[in-house]
Amino acid sequence: MSTAPAYAPQTVVVYTQTAWNRFWSWLGWVGFVIAGLVCIGLLVALSDYFDTSHGIEEKYVSGEKSAEDKLAIITISGVIMEGDGFVKHQIDKVKDDKHIKAVVVRVDSPGGTVSGSDFIFHHLKRLRDEKSIPLVVSMGGIAASGGYYVSMAVGDKPDTIFAEPTCTTGSIGVMIPHYDISGLLARFDIKDDSFATHPRKLMLSMTKPVTPDEEKLIKEHINDMFDRFKSIVKEGRPHFAKNPEELDKLATGEIFTADKALANKLIDKIGFQEEAIDRALELASLNKDKTKIVKYKRPVSLSDSLLLSRAPHGSVTPFDIATLFDLSAPRAWFLCSGLPALANSRRAD
């Protein structure tokens with residue numbers, strides 16, 4: 001007699017998720033994702049806080065790719081404004097890199113503000129002295145006024161300022177732009193009723209002509225800056241320290257071609273960036289075949305990309321109300337320009 005196998009009864013449980021449960025499940029996943037993004041953001045912010053490179057990247061130019069010894073090219077291009085910008089970040093990058101043994105400063109600038117030019121000069125000179133490395137300047141299309149000022153950071157080393165054959169340089173001088181539209185306002189019966197603690201507070205206002213007393217004060221102000229400019233030139237061009245009268249003849253704001261600049265001892269050599277690199281390698285006793293040449297790439301932020309505030313070479317900045325007020329301030333300039341109020345279209349810093 002066969003016995004049929006016994007099967008244990010099975011229970012099937014069907015779980016039905018309610019809309020309320022689905023909502024809380026979805027909300028939990030959303031919260032998890034948001035928390036993850038917040039953590040990532042905090043880590044990025046922390047990393048950015050301690051990042052002294054400000055996002056600039058080193059880029060290979062030439063030479064031995066695997067070499068430890070490096071020569072860095074610091075680029076100063078466009079109008080110099082505050083100074084504490086891309087140029088300063090390049091200087092900091094070089095300062096923190098123990099493998100960099102020489103620097104070529106590539107200048108293609110018509111100058112800019114007095115304070116911005118002096119800021120860059122100061123930090124280039126400090127870099128040269130603290131790292132005990134040679135600086136050689138390579139002037140591009142233009143290295144005038146403030147562009148010439150920053151070039152003096154090479155110090156008294158011979159054959160350290162090179163200018164391309166078509167370079168425009170010189171323009172040693174200071175200016176404070178001023179436009180008098182008081183006649184135009186009078187024509188339309190418009191009056192300036194500005195209030196100030198003293199009449200001199202409104203000095204250089206566009207709505208009032210400059211008085212003889214104000215003109216005297218302004219000239220004294222720019223002459224003090226002019227004297228500093230000439231003292232800086234004497235640091236970088238020892239010939240003028242011995243012959244200051246020659247510098248006085250050249251320091252009229254006049255611009256010079258490379259040939260005339262060489263004849264007047266404003267530069268050392270006519271040559272391209274390659275010649276400047278060779279001279280820097282020579283001064284640092286570096287073997288060209290065992291040295292890597294590098295430069296630095298300016299970071300492009302998301303806002304730059306969305307607002308198109310910077311062209312591929314960092315040449316365009318947006319014109320906003322802050323820029324308008326900045327340009328209307330009575331700022332002194334080491335600048336070679338016929339229209340200084342619009343010179344902010346390309347910034348070095």
Side-chain angles (χ1 to χ4, degrees), residues 75-81 83 87 104-121 124-125 135-177 219 222-273 275-276 331-340 343 346 348:
T75 304
I76 303 174
S77 178
V79 176
I80 299 169
M81 293 299 289
V87 177
V104 168
V105 182
R106 176 66 173 176
V107 182
D108 191 2
S109 170
T113 65
V114 170
S115 57
S117 302
D118 191 62
F119 182 91
I120 291 174
F121 166 80
L124 283 173
K125 182 180 175 182
L135 259 66
V136 175
V137 164
S138 170
M139 296 179 173
I142 184 169
S145 205
Y148 188 75
Y149 188 102
V150 300
S151 300
M152 297 301 101
V154 296
D156 57 1
K157 287 279 186 181
D159 298 335
T160 50
I161 299 182
F162 290 72
E164 292 185 357
T166 57
C167 177
T168 297
T169 188
S171 189
I172 300 171
V174 189
M175 67 176 179
I176 297 179
K219 285 185 176 180
I222 64 174
N223 282 336
D224 287 343
M225 296 181 178
F226 186 38
D227 289 340
R228 176 168 176 78
F229 197 154
K230 290 190 288 186
S231 70
I232 295 300
V233 172
K234 291 172 186 176
E235 284 189 37
R237 312 300 298 156
H239 171 78
F240 295 126
K242 300 174 183 176
N243 304 278
E245 68 284 350
E246 291 187 25
L247 178 59
D248 290 336
K249 292 178 182 178
L250 298 171
T252 60
E254 179 183 354
I255 56 174
F256 301 93
T257 62
D259 289 327
K260 289 185 177 180
L262 180 62
N264 287 298
K265 296 181 171 57
L266 291 170
I267 63 172
D268 293 311
K269 298 280 186 179
I270 295 178
F272 292 90
Q273 182 173 284
E275 283 83 2
R331 189 194 299 268
W333 297 79
F334 292 151
L335 182 65
C336 177
S337 171
L339 194 59
R346 190 160 65 104

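In what follows, every heavy atom counts, from backbone to side chain, and hydrogens, waters and symmetry copies are set aside. Throughout, numbering of the chain's residues begins at 1 and tracks the sequence.
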The residue among V154, D159, T160 that forms side chain to side chain contact (heavy atoms under 4.5 Å, CB included) with K157 is T160
Side chain to side chain contact (heavy atoms under 4.5 Å, CB included) test vs S109 passes for just one of V87, I80, I120, namely I80
Would a 4.5 Å heavy-atom cut-off, applied to side chains only, mark [X] and [Y] as touching?
| X | Y | value |
| --- | --- | --- |
| I142 | D108 | yes |
| V105 | V150 | no |
| I172 | Y149 | no |
| P165 | F272 | yes |
| K230 | D248 | yes |
| L124 | M152 | no |
| E254 | L250 | no |

> When you look at F119 and T113, which way does the side-chain contact (heavy atoms from CB on, under 4.5 Å) test go after all the steps?
Replying inline: CA-CA 10 Å; F119 182 91; T113 65; over 6 Å; no
**Request:** Just do the salt bridge (Lys or Arg N to Asp or Glu O under 4.0 Å) check on R106 and E164 with the steps written out, would you?
**Result:** CA-CA 11 Å; R106 176 66 173 176; E164 292 185 357; 2.7 Å; yes
With rounding to the nearest 0.5 angstrom, report the [atom1] to [atom2] distance, [X] to [Y].
| X | Y | atom1 | atom2 | value |
| --- | --- | --- | --- | --- |
| L262 | C167 | CG | SG | 11.5 Å |
| H239 | L266 | NE2 | CG | 9.5 Å |
| D259 | T166 | CG | OG1 | 10.5 Å |
| N264 | F256 | CG | CZ | 5.5 Å |
| L135 | S151 | CG | OG | 10.5 Å |
| E235 | F121 | CD | CZ | 4.5 Å |

In short, S231 meets R228 closest at the heavy-atom pair OG-O, 2.6 Å
Heavy-atom closest pair (K269 atom, I267 atom, distance to 0.1 Å) is O-CD1, 3.7 Å
*asked:* Determine whether a donor-acceptor pair (N or O, by modelled atom type, separation under 3.5 Å) exists between the side chain of D118 and the backbone of V114.
replied: no
Q. Does E246 pair with K265 as a salt bridge, N-O distance under 4.0 Å?
A. no
Q.
Taking the basic N atoms (NZ, or NE/NH1/NH2) and the acidic carboxylate oxygens, is any pair closer than 4.0 Å for R237 and D268?
A. yes
Counting only heavy atoms not in K234 (residues, nucleotides, ligands), do more than 12 fall under 6.0 Å from its NZ?
yes
